[in-house]
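One structure below.
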Amino acid sequence: MAIKDGRVVYIQVADEIFSDKTREREVQPLESIRDAYEKIIVVRQGSYETDINGIKIVPARDFFIKD
């Protein structure tokens, strides 16, 4: 969980979420949080949907490097 300027964001980091089992393992903890704050999974490798049940999926390069 990160807080900056009053903005709360839950961040999960994963190497990849190719398989259903891995994706479920990474998504489930964020889905179990029952508040309305933003939830993000930062993924090092692979290309995925940009949203899984309201959880943003962001490539690491986009998360860490801003243009």
Side-chain angles (χ1 to χ4, degrees):
M1 185 170 112
I3 301 172
K4 183 176 181 182
D5 299 327
R7 179 178 170 219
V8 177
V9 180
Y10 295 99
I11 303 169
Q12 179 80 8
V13 179
D15 183 45
E16 51 82 13
I17 55 173
F18 294 122
S19 73
D20 291 339
K21 183 177 178 180
T22 302
R23 190 170 30 262
E24 177 63 25
R25 183 187 68 224
E26 300 300 331
V27 169
Q28 193 281 325
L30 294 175
E31 287 182 326
S32 71
I33 300 170
R34 298 291 179 199
D35 61 30
Y37 294 119
E38 183 177 12
K39 297 165 180 75
I40 300 171
I41 299 177
V42 179
V43 184
R44 185 180 71 90
Q45 59 180 327
S47 194
Y48 309 95
E49 309 169 42
T50 58
D51 182 281
I52 298 175
N53 300 330
I55 299 168
K56 292 181 183 176
I57 310 302
V58 180
R61 68 183 172 280
D62 295 342
F63 185 80
F64 293 108
I65 301 173
K66 300 288 182 183
D67 290 337

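In terms of modelled atom types and a separation under 3.5 Å, the side chain of Asp35 and the main chain of Tyr37 share a donor-acceptor contact. In this structure a side-chain-to-backbone donor-acceptor pair under 3.5 Å is missing from Tyr48 to Ile57.
Clustering ILVMFWY residues whenever any of their side-chain heavy atoms sit less than 4.5 angstrom apart, transitively, puts Val9 in a cluster other than the one holding Ile41. Hydrophobic clustering places Ile52 together with Leu30 (ILVMFWY residues linked when any side-chain heavy atoms are closer than 4.5 Å, directly or through intermediates). Under a hydrophobic-cluster definition in which Ile, Leu, Val, Met, Phe, Trp and Tyr are linked whenever side-chain heavy atoms come within less than 4.5 Å, directly or via other members, Ile11 and Ile17 are assigned to different clusters.
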So Val42 and Phe64, side chain to side chain contact (heavy atoms under 4.5 Å, CB included) or not? Walk me through it. CA-CA 9 Å; Val42 179; Phe64 293 108; 4.2 Å; yes
Carefully, step by step, assess Met1 and Val8 under the rule side chain to side chain contact (heavy atoms under 4.5 Å, CB included). CA-CA 7 Å; Met1 185 170 112; Val8 177; 4.0 Å; yes
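Side chains of Tyr10 and Ile55 form no contact here, defined as non-hydrogen atoms less than 4.5 Å apart.
The two residues Val43 and Glu16 have their closest heavy-atom pair at CG1-CA, 3.7 Å. When all heavy atoms of Val13 and Glu26 are compared, the closest pair comes out as O-OE1, 3.9 Å. Nearest approach of Asp15 to Arg44, heavy atoms of both residues: OD1-NE, 2.5 Å.
Rounding to the nearest 0.5 Å gives a distance of 9.5 Å between NZ of Lys39 and CD of Glu31.
Qualifying ring-ring contact (aromatic ring centres under 6.0 Å, His included) partners for Phe63, counting only residues two or more places apart in sequence or in other chains: none.
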